[in-house]
Amino acid sequence: GIGEREPTFTPEDVFDYIYAVLYSPAYRERYAGFLKSDFPRVPITSDPALFRDLAALGRRLVNLHLLRAPELADPPSGFPERGSNVVERVHYDERERRVFINRTQHFTEVPREVWEFHVGGYQVCEKWLKDRKGRALSYDDILHYERVVMALGETLELMRAIDERIPSWPIQ
């Protein structure tokens, strides 16, 4: 099973390890050229403790990205204004840390770093809302967006933790 701490590793452990490595900011910077033109090369460690630690961090990332992490179950309400819930114009107010969907309605407490987070060339928080332009957000949509914001905040923390755990590049 996953992470049983046996002398062997499962396929899930290997997947989680790779997921962690691919989310390392140092890895992304070091191998940026390869990532743009080729398949990602995954450095494998010979240190079982490092492998297990990175696999555990990767597992946490996977659960966040699938929105299965327990800490995402009940996000704080960050959509305080009543209104139509129609996405008209997406705008980020850096000073107030708010993401507006129309003139009056907004999501609160969205850190700039989360707002600017990109995956695959897309700014996640902005794209999700822009894909819903002209539509009214349902309660489930609002809850989903709040979970995405929380997941991205946790992702940024885990990315830092991954880089702190990797002693040097290339991985030994």
Side-chain angles (χ1 to χ4, degrees), residues 1-78 92 97 99 107 109-132 139-172:
I2 296 173
E4 290 181 349
R5 303 288 186 200
E6 295 291 324
T8 61
F9 301 108
T10 67
E12 290 86 358
D13 292 329
V14 174
F15 176 83
D16 294 337
Y17 169 85
I18 292 169
Y19 206 82
V21 170
L22 294 178
Y23 268 89
S24 160
Y27 169 86
R28 291 176 176 210
E29 184 178 328
R30 181 179 179 91
Y31 298 105
F34 288 117
L35 293 172
K36 290 178 183 174
S37 65
D38 203 354
F39 290 105
R41 290 167 171 33
V42 179
I44 303 296
T45 181
S46 59
D47 179 351
L50 177 59
F51 181 90
R52 284 187 186 98
D53 290 349
L54 291 175
L57 291 167
R59 189 170 312 108
R60 288 181 57 201
L61 278 172
V62 168
N63 285 325
L64 281 169
H65 296 168
L66 293 174
L67 300 180
R68 292 182 184 161
E71 60 265 32
L72 303 178
D74 191 27
S77 178
Y92 181 68
R97 295 172 28 141
V99 177
F107 291 92
E109 298 304 318
V110 179
R112 180 175 171 232
E113 192 177 27
V114 168
W115 171 251
E116 293 178 347
F117 191 84
H118 282 74
V119 172
Y122 293 103
Q123 190 174 338
V124 177
C125 289
E126 180 181 48
K127 178 154 179 39
W128 193 92
L129 289 170
K130 283 189 171 183
D131 285 349
R132 287 149 183 83
Y139 173 79
D140 288 338
D141 290 335
I142 292 166
L143 190 60
H144 183 86
Y145 190 78
E146 290 172 334
R147 287 181 175 144
V148 167
V149 168
M150 285 181 64
L152 292 177
E154 292 293 319
T155 294
L156 289 162
E157 291 298 317
L158 285 172
M159 289 171 71
R160 287 187 271 275
I162 290 165
D163 270 0
E164 288 173 9
R165 181 56 185 96
I166 297 172
S168 65
W169 289 93
I171 294 177
Q172 301 297 319

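Counting begins at 1 with the first residue of the sequence.
In terms of modelled atom types and a separation under 3.5 Å, the side chain of Tyr23 and the main chain of Gly58 share no donor-acceptor contact. Distance alone, capped at 3.5 Å, places no donor-acceptor pair between the Asp53 side chain and the Leu50 backbone. Although no hydrogens or angles enter the test, the distance criterion places a donor-acceptor pair under 3.5 Å between the side chain of Tyr145 and the main chain of Cys125. In this structure, Glu126 contributes its side chain and Val124 its backbone to no donor-acceptor pair below 3.5 Å. Formation of a donor-acceptor pair under 3.5 Å by the Glu146 side chain with backbone atoms of Gly78 is found in this model. The backbone N or O of Ala55 sits nowhere less than 3.5 Å from a side-chain atom of Asp13 that would complete a donor-acceptor pair.
Under a 4.0 Å N-O distance rule, the pair Asp16/Arg60 does not qualify as a salt bridge.
In this structure, Phe34 CZ and Lys36 NZ are separated by 13.0 Å, a value rounded to the nearest 0.5 Å. Atom OH of Tyr31 and atom CG of Leu22 lie 11.5 Å apart (nearest 0.5 Å). Separation of atoms CH2 (Trp115) and CZ (Phe107) is listed at 10.5 Å; rounding is to 0.5 Å. The distance from atom CD1 of Ile166 to atom CD1 of Ile171, rounded to the nearest 0.5 Å, is 4.0 Å. Arg52 contributes atom CZ, which lies 4.5 Å from atom CZ of Phe9 (distance to the nearest 0.5 angstrom). Of the inter-residue distances, the one linking Arg97 atom CZ with Glu113 atom CD reads 10.5 Å to the nearest 0.5 angstrom.
A 6.0 Å sphere centred on CZ of Arg68 holds no more than 12 heavy atoms belonging to other residues, nucleotides or ligands.
Closest of all the heavy-atom pairs between Trp169 and Ser24 is CZ2-OG, 3.5 Å. Closest non-hydrogen pair, Pro75 versus Leu143, comes out as CG-CD1, 3.5 Å. Contact between Ile162 and Ala20 at its shortest, heavy atoms only, is CD1-O, 3.5 Å.
A cation-pi geometry, defined here as NZ or CZ lying under 6.0 Å from the six-membered ring centre and within 45° of its normal, does not hold between Arg59 and Phe15.
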Kindly indicate, with the supporting measurements, whether the criterion side chain to side chain contact (heavy atoms under 4.5 Å, CB included) is fulfilled by Phe117 and Val149. CA-CA 10 Å; Phe117 191 84; Val149 168; over 6 Å; no
Side chain to side chain contact (heavy atoms under 4.5 Å, CB included) between His144 and Leu67, intermediate numbers included: CA-CA 9 Å; His144 183 86; Leu67 300 180; 3.2 Å; yes
Starting from the C-alpha separation in whole Å, work towards a yes-or-no answer on side chain to side chain contact (heavy atoms under 4.5 Å, CB included) for Leu54 and Thr45. CA-CA 10 Å; Leu54 291 175; Thr45 181; 5.6 Å; no
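Listed by chain and residue number, nothing satisfies the side-chain hydrogen bond (donor to acceptor under 3.5 Å, both in side chains) test with Glu71 (two or more places apart in sequence, or in another chain).
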Which atom pairs, donor and acceptor, lie under 3.5 Å between side-chain atoms of residues 150-158 and protein residues at least two apart or in another chain?
{"from": "Thr155", "atom 1": "OG1", "to": "His65", "atom 2": "NE2", "distance (Å)": "2.9"}
{"from": "Thr155", "atom 1": "OG1", "to": "Ala151", "atom 2": "O", "distance (Å)": "2.8"}
{"from": "Glu157", "atom 1": "OE2", "to": "Arg160", "atom 2": "NH2", "distance (Å)": "2.7"}

